[in-house]
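One is the number of the first residue; the rest follow in order along the sequence.
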Amino acid sequence: MTSDGGVLLLRQLDREMGLTRTIARRLDDTRAARRCQHRAETMLRQRVFGLALGYEDLNDHHALRRDIALQTAVDTDGVLASQSTLCRFEQQASRQWAVAIQEEIVEQFIRSFRRPPKKRLILDFDATDNPVHGEQLGRHFSGFYDGYCFLPLYVFCGQQLLVSYLRPAYRDATHHAGAILALLVRRLRQAWPEVKLVFRGDSGFCRPLILAWCERHGVEYIVGLATNSRLETLSLDIRYESAIRWEAERTKQRYFGRINYAAHSWRRPRRKVVVKAETSHRGFNTRYVVTNLHGSPQWLYDHRYCPRGDMENRIKEQQWLFADRTSCHDWWPNQYRLLLAGLAYLLLERLRRVYLKRTAYATAQVTTLRLKLLKIGGVVIRNTRRVRLMLSSHYPDQDLFQKLARKLVPG
């Protein structure tokens, strides 16, 4: 018996995308092949499928390795790798592994488009914290997060993951962000020369070097700008208008405008600094955004800048897939674990984006997809010729599951 009957959906998604197969071929496996019982591809699938199913630790595989449903999903008919074997495999992780997986994640994004995108591609950059509780290499105390942690950088385009990059916490949010942006722009323009790209981030990513690079290379940007006394002086008329309206109507007022501004580190002033002045019973709430996009201040703020908040949900989904389980002592195994969570997300995101359109789960989070479509009780019967998986007749989403199975299984 198994509680993970839906794992075969992951198997078919992985086959369709060629995800683990392509990555496994690029990993530099230093083990002696003649003495190895478990292939790199099998162990990679075992870990990625396990994370998608909700098993965050290697200890879980002590029992999972004998689950026939999981064995079938990773294309083997024997006992899977043990926790110690998986641990030794992860300790081989290197910079070459990280580069190979990151490049495949970007290639998967490009292949997800049948034709060149006509709309702008907005690249959302954001950082989060991965708390650590041991003596991991690269750990540092962060005053902002009030604890020892790593500071991974994520890049998303809509709901699709592009970059999952581990960094030490003593660096600021923009560490290597400009270099990653340059690499992404170069690769995306190789695939689609005419594509329009937009760099979007909060005020932590407002750096003159990044903005100047975007202007030189024809990349549009819309980035938050931290409040300072100079900005408050320049926006006084806009904030005053919002306050006057509040005094007259006693309802929350939002008033938008545009100012010219140049920080001391900027070579020239930028005319498109959008100001949102909000006044309510709670007081003043003013926000500033610098951009080179065209449009009215309110449209730019509401429809171009504010949607970046949805990226917080995408980062939460990474954590629900256990991207924060960076408990290895060495640096590169922790980067590898972060990327494993990203690979599990690619499978579930494709399931949601392609196969769950116009269904009740079209906008469901990964935890809901796991609960409703993967954690299904069933009976597995295996003989020398075939494996049969019989799911419960009382499973509430069996009609949807059957439709997905028909779409994913060729023929």
Side-chain angles (χ1 to χ4, degrees), residues 23 26-30 40 43-44 47-48 50-51 56-59 83-84 86-106 124-156 161-184 201-205 207 209-210 311-312 314-346:
I23 292 174
R26 296 191 58 186
L27 297 185
D28 184 15
D29 190 355
T30 59
M43 288 190 285
L44 180 62
R47 282 287 277 139
V48 172
L51 292 172
E56 68 269 32
D57 289 322
L58 293 179
N59 294 342
Q83 63 209 56
S84 57
L86 290 170
C87 182
R88 287 192 297 270
F89 179 69
E90 291 185 2
Q91 292 303 313
Q92 297 184 82
S94 63
R95 183 180 183 277
Q96 184 269 335
W97 285 31
V99 171
I101 298 175
Q102 292 278 14
E103 289 180 349
E104 179 58 24
I105 290 175
V106 176
D124 283 312
F125 282 63
D126 204 357
T128 190
D129 65 313
N130 268 13
V132 299
H133 306 285
E135 297 295 331
Q136 291 95 322
L137 293 178
R139 74 166 193 140
H140 287 275
F141 184 86
S142 170
F144 182 81
Y145 294 106
D146 193 24
Y148 287 91
C149 61
F150 296 128
L151 192 68
L153 173 69
Y154 288 102
V155 182
F156 285 86
L161 177 66
L162 286 170
V163 173
S164 180
Y165 177 55
L166 193 67
R167 302 175 302 176
Y170 72 89
R171 301 286 190 176
D172 67 4
T174 59
H175 179 59
H176 287 166
I180 289 173
L181 175 63
L183 291 171
L184 286 174
D202 61 19
S203 59
F205 293 89
R207 295 292 188 271
L209 289 177
I210 295 179
M311 187 179 178
E312 298 292 338
R314 308 286 78 78
I315 292 178
K316 287 179 182 177
E317 290 186 312
Q318 298 300 303
Q319 295 172 340
W320 290 335
L321 290 167
F322 315 110
D324 55 353
R325 304 296 287 189
T326 48
S327 56
C328 294
H329 177 71
D330 293 329
W331 178 263
W332 292 112
N334 284 324
Q335 172 68 87
Y336 176 68
R337 287 189 171 189
L338 191 76
L339 289 167
L340 286 178
L343 297 180
Y345 176 80
L346 289 188

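- A donor-acceptor pair under 3.5 Å is absent between the side-chain atoms of Trp332 and the main chain of Gln92, judged by distance alone.
- Taken to the nearest 0.5 Å, the CD atom of Gln91 stands 5.0 Å off from the SG atom of Cys328.
- Atom CZ of residue Arg26 and atom CD of residue Glu103 lie 4.5 Å apart, to the nearest 0.5 angstrom.
- Judged by distance alone, the side chain of Arg167 and the main-chain N or O of Ala173 form a donor-acceptor pair under 3.5 Å.
- Between the His329 side chain and the Glu135 main chain, a donor and an acceptor come within less than 3.5 Å of each other.
- In this structure, Thr326 and Asn130 approach most closely via the heavy-atom pair CG2-ND2, 3.8 Å.
- A distance of 7.5 Å separates CD in Glu312 from OG1 in Thr128, rounded to the nearest 0.5 Å.
- For Leu151 against Ala169, the heavy-atom pair with the smallest separation is CB-CA, 4.0 Å.
- Judged purely by atom type and a 3.5 angstrom limit, Gln136 uses its side chain to pair as donor or acceptor with the backbone of Gly134.
- Within 6.0 Å of OH in Tyr145 there are more than 12 heavy atoms belonging to other residues, nucleotides or ligands.
- A donor-acceptor contact shorter than 3.5 Å is absent between the side chain of Gln102 and the backbone of Leu339.
- In terms of modelled atom types and a separation under 3.5 Å, the side chain of Gln335 and the main chain of Ser164 share a donor-acceptor contact.
- Using the six-membered ring where Trp is involved, Trp97 and Phe89 have ring planes that are tilted, between 30° and 60° apart.
- With values rounded to the nearest 0.5 angstrom, Tyr165 atom OH is found 12.0 Å from Phe125 atom CZ.
- Atom CZ of residue Phe205 and atom CG of residue Leu181 lie 10.5 Å apart, to the nearest 0.5 angstrom.
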Evaluate the side chain to side chain contact (heavy atoms under 4.5 Å, CB included) criterion for residues Tyr154 and Asp126: first the C-alpha distance (whole Å), next the side-chain angles of each, then the deciding distance (0.1 Å), finally the verdict.
CA-CA 6 Å; Tyr154 288 102; Asp126 204 357; 5.6 Å; no

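- For residues 319-341, the set of pairs meeting the salt bridge (Lys or Arg N to Asp or Glu O under 4.0 Å) definition, not counting sequence neighbours, comprises Asp57-Arg325, Glu90-Arg337.
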